[in-house]
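So that we are looking at the same thing, I have put the structure below in structure tokens.
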Amino acid sequence: MQLTVFNGSPKLGKSNTELMVNGFLGGFEKTPGNGSRVFKLNQLKSVQEAISIIEDSEDILLAFPLYSYSMPAGVKELIEELEPLCGKCGNKKIGFLVQFGFREAIHARALEKYLEKVTTLLNGEYLGTIIKGGCDGLAKELNSSHTKKVLNGISDIGRVFGETGKFSRDLLDQYSKPETQTMLSRMIMKSFVKLANKYYWGAELKNNGVFEESYAQPYKSD
Amino acid sequence: MKVLILNGNPKAENESFEDYIQKLVLELKKNGHNTTVLNLKEMEINRCIGCYSCWLKTPGRCIFNDDGPTILREYLKADFVLFASPIIMGFISSLLKSVQERCLPLVLPFLYVKNDRMQHISRYEKYPAIALLLDHSEDYDQISAKIIEKVFRSSNSRKFLFTKTMNNGPEEVAYAINSI
Ligand SMILES: Cc1cc2nc3c(=O)[nH]c(=O)nc-3n(C[C@H](O)[C@H](O)[C@H](O)COP(=O)(O)O)c2cc1C
């Protein structure tokens, strides 16, 4: 199988999406004969170039970070430009990968419904959406056990897709956990976010010499 | 009340959308609201590039010196903000979406657990209530409207009030705004 992958992260440099895509492809390409092409959406000359690539592809993975509970504006623009292909993608299988900062999968569930709907509008076959929270620090903490676990998990999903041509619903469900925080896990998460505020965000503010201004309100009118 | 309408219609040719907004503004002014419309398609709005400068380098301030900061200042001044957009491929326009993303400086990077999920702590003491106005063209369907509303409701720092479509007359939408 030849897979076309779009990385829709709007970042200019290294993105968490890229790491996740690489993890997925590591598993996918274990099956002999499988290959892939990866395009960074914001490095293409135009949206039209992306559309031409899609027209030429049968198996597509659209990967991006969650931005304000849905897709980044650049990814939405791509979807808008796909309008002429509505009903004409009967030969295409389309899957999605959405990763983000908050831990709980629930933040991406409305978007998941939307992605399925868009695929239906195009008349493509919906493979599913890989949802994974807690990904904000992946690229920054490459060697952490958390990063390794996240990348191993997506590699498994890629491997099974490479073997069967399908996203395993069981693996997706397992991978996206937790859906929300339970009564018990809330207590743990409360301590976790305190640590994250201090040692993840706070440390970076300190590093940048602006810790004192953390709470600045520059857009408040006088 | 200070009302801000973010007009996310990307195409000037969509005259019925523009007419509707104008009629709505007249109604709101008639009802005594201090009403501002920002026609986003006429503004310079870069898309967020996820650099987190607004959180970690120049806290609260976006790296782009375009019309984004003007929009955010107006946003914070308003008591009520109406996000208006045609439904395009089942969702709000990428234009309006880009403004939603540029609201990142309005919250802090710091997290807290609200009920069963994580959220960001607010940067400002007061935020406007918000609502959605969607068109009712051939792209309209209830499922899309529900999904869009859910996305807007998810954001914790804003009080989401209602979704109306242009099937409701401008007087009706103005009435809903009056009732806030
Ligand atoms: C404008 C903006 C909006 C974001 N919205 C969300 C969100 O709604 N939920 C969330 O959990 N993370 C959100 N994030 C965090 C990103 O999804 C997260 O950092 C992701 O790992 C970035 O991926 P990338 O490095 O591939 O761009 C947002 C980040 C930015 C810059």
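We name chains A, B, ... by the order of the sequence lines, and we start the count at 1 in each one. Quick note: numbers below take in every heavy atom, side chains included, and nothing from hydrogens, waters or symmetry partners. Note that the coordinates shown come from a computational prediction; the quantities given were computed from them, not determined experimentally.
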inquiry  = Does either side chain, that of B:N168 or that of B:H136, offer a donor lying less than 3.5 Å from an acceptor on the other one?
reply    = no
inquiry  = What I want to check is whether the side chains of B:N167 and B:Y140 have a donor and an acceptor closer together than 3.5 Å.
reply    = no
query = Mind checking whether B:H120 and A:F102 have parallel, tilted or perpendicular rings, split at 30° and 60°?
reply = tilted
note = The interface call for B:P10 against chain A, heavy-atom contacts under 4.5 Å, is neither
query = Does B:N46 reach the side chain of B:I63, with side-chain heavy atoms less than 4.5 Å apart?
reply = no
query = By number, which residues in residues 105-114 of chain A have some heavy atom less than 4.5 Å away from chain B?
reply = A:I106, A:H107, A:A110, A:K113, A:Y114
query = What orientation do B:W55 and B:Y52 show, parallel under 30°, tilted 30 to 60°, or perpendicular over 60°?
reply = parallel
task = Side-chain contact test, heavy atoms from C-beta onward, threshold under 4.5 Å: evaluate it for A:L122 versus B:M89 and give yes or no.
result = yes
query = Would you say A:K149 has more than 12 foreign heavy atoms packed within less than 6.0 Å of its NZ?
reply = no
Segment of A:E104 engaging chain B (4.5 angstrom heavy-atom cut-off) = side chain
request  = Compare all side-chain heavy atoms of B:L133 with those of B:M166 and state whether any distance is below 4.5 angstrom.
outcome  = yes
Chain A contact via B:C62 - side chain, backbone, both or neither, heavy atoms under 4.5 Å = both
Pair A:R37 + A:D56, salt bridge at N-O below 4.0 Å = no
Close approach to chain A in residues 90-98 of chain B, criterion heavy atom under 4.5 Å = B:G90, B:F91, B:I92, B:S93, B:S94, B:K97, B:S98
task = Could you tell me whether B:K41 and B:E18 make a salt bridge, using a distance below 4.0 angstrom between a side-chain N and a carboxylate O?
result = yes
task = Would you name the heavy atoms of A:Y219 and B:L76 that are closest together and state the gap between them?
result = O-CD1, 3.5 Å
query = Just checking, is any N or O donor in the side chain of A:T17 or A:S9 under 3.5 Å from an acceptor N or O on the other one?
reply = no
ask   = Out of A:K198, A:K190, A:K117, A:K194, which one racks up the most heavy-atom pairs below 4.5 Å with chain B?
value = A:K117
request  = Over all heavy atoms of both residues, which pair between B:A78 and B:L4 is shortest? Give the atoms and the distance, please.
outcome  = CB-CB, 3.9 Å
message = I'd like to know whether NZ of B:K29 has more than 12 heavy-atom contacts from other residues, nucleotides or ligands below 6.0 angstrom.
response = no
ask   = Heavy-atom distance under 4.5 Å to chain B: side chain of A:S214, backbone, both or neither?
value = both
ask   = Which residues in residues 170-183 of chain A have any heavy atom lying under 4.5 Å from a heavy atom of chain B?
value = A:T180, A:Q181
ask   = Which region of B:C103, side chain (C-beta onward) or backbone (N, CA, C, O), has a non-hydrogen atom less than 4.5 Å from a non-hydrogen atom of chain A, or is it both or neither?
value = neither
task = Identify which of B:L72, B:T70, B:N115 forms the greatest number of heavy-atom pairs closer than 4.5 Å to chain A.
result = B:N115
Heavy-atom contact with chain B under 4.5 Å, split by part of A:V210 = both
request  = State, to 0.1 Å, how close B:G50 and A:Y67 come at their nearest heavy-atom pair, and which atoms those are.
outcome  = CA-OH, 3.2 Å
query = Which residue out of A:G202, A:G133, A:G13, A:S70 racks up the most heavy-atom pairs below 4.5 Å with chain B?
reply = A:S70
key: Residue, of B:L104, B:L108, B:I49, that accumulates the most heavy atom pairs under 4.5 Å with chain A   = B:I49
key: Pair B:R47 + A:E77, salt bridge at N-O below 4.0 Å   = yes
request  = Would you please go through residues 141-152 of chain B and name the residues with a non-hydrogen atom below 4.5 Å from one of chain A, in numerical order?
outcome  = B:D141, B:I143, B:S144, B:I147, B:K150, B:V151
ask   = For B:E42, does the CD atom sit with more than 12 other heavy atoms under 6.0 Å from it, leaving out its own atoms?
value = yes
remark   = One option among B:T58, B:V99, B:I88 has the most heavy-atom pairs under 4.5 Å with chain A, and it is B:I88
Ion pair B:K2/B:E74, N-O distance below 4.0 Å = yes
ask   = With the threshold set at 4.0 Å, does a side-chain nitrogen-carboxylate oxygen contact exist between A:K76 and B:E101?
value = no
Any side-chain heavy-atom pair of A:P65 and A:N16 under 4.5 Å = no
Stacked cation flag A:R103 on A:F192, 6.0 angstrom / 45 deg = yes
Side-chain heavy atoms of A:Y215 within contact of B:F110, under 4.5 Å = yes
